[in-house]
Protein chains: 2
Amino acid sequence: MRKTSCELCTNVNCFVKMYCSPEWIHKISLSKSQVYFKQNQEIIKEGELVLGMFFIQQGKVKVVSTGLDGRQQIVRFANDGHILGHRGLGYERYPISAVAMEGSLVCFVVNDLLSEVFMANPKLSMGLMVFYSRELRKIETRMKNIAHMNLREKVAEALLLMMEMFGLNKEHELNVPFTREDIASTVGTNVEQISRQLTEFESAKLIQKRGRKVVILKKAGLEHIISKHFMQYAK
Amino acid sequence: MRKTSCELCTNVNCFVKMYCSPEWIHKISLSKSQVYFKQNQEIIKEGELVLGMFFIQQGKVKVVSTGLDGRQQIVRFANDGHILGHRGLGYERYPISAVAMEGSLVCFVVNDLLSEVFMANPKLSMGLMVFYSRELRKIETRMKNIAHMNLREKVAEALLLMMEMFGLNKEHELNVPFTREDIASTVGTNVEQISRQLTEFESAKLIQKRGRKVVILKKAGLEHIISKHFMQYAK
DNA sequence: TTTTATACTTGCGAAATCGCATATTTTTAA
DNA sequence: TTAAAAATATGCGATTTCGCAAGTATAAAA
C-alpha cells in the first residue's frame, strides 16, 4: 500500500490541511509516514517514548488509560481527522494508549518537524489550542458525570457518546465493533453491570441487543435519562 | 489599588512574561485590566459570555462545574501563574465557574488582543499547547481515578492534590481555606462520607483535624493508599 | 461576650453496586 | 460444519456507599 500524499488526501477534517500553508503541507507530506493498524492493534502504547504525533486519516480508535492492576479506563473515542499522541507534548513518554477498534489508517509526523510547523504556521497552533480546549471541556464534563451519575445514567451516556462519535449503520446499530468490556471501561464498572443495564434498556424499548451489536431504538429516551445533569444556557 | 505593570510584576510563572517578546509584554500591560477577588467570589461564572482570558497573578482558586441539580464538581485547583477561562476558547460561553478560595489578584486580557498576541508570539502558542496537554493528562488521570478508586482512596488523593497545589504552612496544615464540602466536590460524594473518612485517617495517624484545618502528618501514608493505581515507567 | 448561623460528626437503616458462580449465547478457529 | 474459546446474561449474597436525623463543635455576627 502506497502512502497517500497530503495534497491528494480527501480527509477534510485534517488539521494539517485545514491550517497549514501549501508549502508546509507539501513538506509534511514528504516526510510523514503512514501505517495501517488492524482491529485491536495498539497505535500508541502507554509508557513508550514520545516521538511525534499521529493523525487519523481514516479509522475508529479508543484512547485508554491503564492502571497497575490492569483495569482500563476509556478516556475518549476518536475517528477521522482526530489527533493521537498530542498529550505526549512536553513529555518523555506517552501517558495513555490508543487502540484501533477497526482497521485504521494513520499518519505520523516526527517531533522535530512538528516544532518547525508550529513556529511557521501560527494558525495551526491556534486551531490546535481550540481543539485542546474542546477536549478539556468534554473530559471535564465527563469527569463530572462519572462522579455524579448513577450506573443507569452512565451507561446511557456511554451509548450516546459512541453514537455521537461513530454514528449508526443502516440497521441503526452502533457503527463500531465493541464489547461489553469497552462500555464497562468507559463507565468505570464491570461487564456484569453493563449486561444487566443493557437488558433493562432493552425491556424499556430504548435499545435492542443483536448479539454483540446494539441497536439504538430511542435516542431521545437515552438523552432523557441523563438530561437532568445538563445545563442549557439561554442564548 | 493601582494596576501592576507586567514589566514590574514579579510572578515568574506567568505565560505572558515567559513566552512573549518585550514589545508585546508592554502592549498587554497597557491594555490588560486587573481585579481583586475576595474569598468565595466568582471570578468566572458558568454560562457567561467569553470575553477573554484571566491570568492569576497571586491567589488560590477552584474551578467548578455545576450540575442542574446544583451539585458541584471541582475540576481542578489553580494558583499563581495559572490561566482561567482558557476552556472558553472557541466557545461563546464559559462551561465552568472559577471561585477564589482566598483573596486573589487576577489579570484579564480581552479576546481581540489575545488573537493578535498568539499570531505574533508563536512561542506563547507552543507554551500554551504544552500547558493544555499537561492539563489534559492530569484530568484524564483524575477521571480514571474517580472511576476506579474507592472512597478511601479518592479522599487520600484529594488531600494530596490540594497539598501539591497549595502546599502546607509552618504548622503543616493545608495552606488554603476549604470546607468538607470542597473535598466532597473534588471526590464526587457528600460531606458525611468525607467526615467519616477524615476521622478514619486521623485514627490511622495520617492526618490531624484542627477544626476546619487539616494537618498532614504522613504524606507517604496517603501516597501508599493510592499507589496501586499508579504506573511508573522505567526511565 | 453572647447569640446565631454554619459547618462538622456519627449512628443507622436503605439502596446501589460489586463480584463470584454458573448457564447460555455468540464468535472464532479448526 | 463442528469444536473450542470467548463473550454475555443472570441469580444472589457481600460490601460499599448513601442519606436522613440528631447532636456537637466551630466560626461569624450582634
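In what follows, chains carry the letters A, B, and so on, assigned in the order in which the sequence lines appear, proteins first and then strands, with residues in each chain numbered from 1.
Under 4.0 angstrom from either OP1 or OP2 of C/dT10 there lies at least one side-chain N or O belonging to B/Thr199. Between B/Arg212 and C/dC8, a side-chain N or O to OP1/OP2 separation shorter than 4.0 Å is present. Contact check, A/Thr189 against C/dT17: no side-chain N or O comes under 4.0 Å of OP1 or OP2. Put simply, A/Asn190 has a side-chain N or O that comes within less than 4.0 Å of OP1 or OP2 on C/dG19. Close to D/dA9, at under 4.0 Å from its OP1 or OP2, lies a side-chain N or O of A/Lys209. Between B/Lys213 and D/dT26, a side-chain N or O to OP1/OP2 separation shorter than 4.0 Å is absent.
Comparing atom distances between the B/Leu151 side chain and each of C/dT10, D/dC18, C/dG19 picks out D/dC18 as nearest. Checked against C/dC8, C/dA21, D/dC18, the side chain of B/Arg196 finds its nearest nucleotide in D/dC18. Side-chain proximity of B/Glu192 to the nucleotides D/dG19, D/dT17, D/dA9 is greatest for D/dG19. For A/Ser195, the listed nucleotide lying nearest its side chain is D/dA9; candidates were C/dC12, C/dT9, D/dA9. Across D/dT8, D/dT17, C/dT9, the shortest atom-to-atom separation from the side chain of B/Arg180 is found for C/dT9. Closest approach to the A/Gln193 side chain among C/dC18, C/dC8, C/dG19 is made by C/dC18 (side chain taken as heavy atoms from C-beta onward).
Here the options are B/Ile56, B/Val99, B/Leu84, the test is side-chain contact (heavy atoms from CB on, under 4.5 Å), and the partner is B/Ile43; only B/Leu84 passes. Between B/Phe15 and the options B/Tyr132, B/Phe131, B/Phe55, B/Phe54, a ring pair (Phe, Tyr, Trp, His ring centres under 6.0 Å) holds for only B/Phe131.
We find that CD of B/Gln39 is positioned 12 Å from C1' of D/dA28, with the value rounded to whole Å. Look at CZ on A/Arg210: it is 17 Å from C1' on D/dT8, rounded to the nearest Å. Atoms CD (A/Glu153) and C1' (C/dA16) sit 12 Å apart, rounded to a whole Å. To the nearest angstrom, C1' of D/dT17 lies 9 Å from NZ of B/Lys154. Across the protein-nucleic acid pair, B/Leu198 atom CG and C/dT9 atom P stand 7 Å apart, rounded to whole Å. Atom CZ of B/Phe178 is separated from atom C1' of C/dA7 by 13 Å (rounded to the nearest Å). In this structure, B/Asn40 atom CG and D/dA27 atom C1' are separated by 13 Å, rounded to whole Å.
At a threshold of 4.0 Å, the pair A/Glu42-A/Lys45 counts as salt-bridged, since one of the basic side-chain nitrogens sits closer than that to a carboxylate oxygen.
Panel note: side chain B/Glu202, backbone B/Lys209; a donor-acceptor pair is recorded below 3.5 Å. A donor-acceptor pair under 3.5 Å is absent between the side-chain atoms of B/Gln197 and the main chain of B/Ile194, judged by distance alone.
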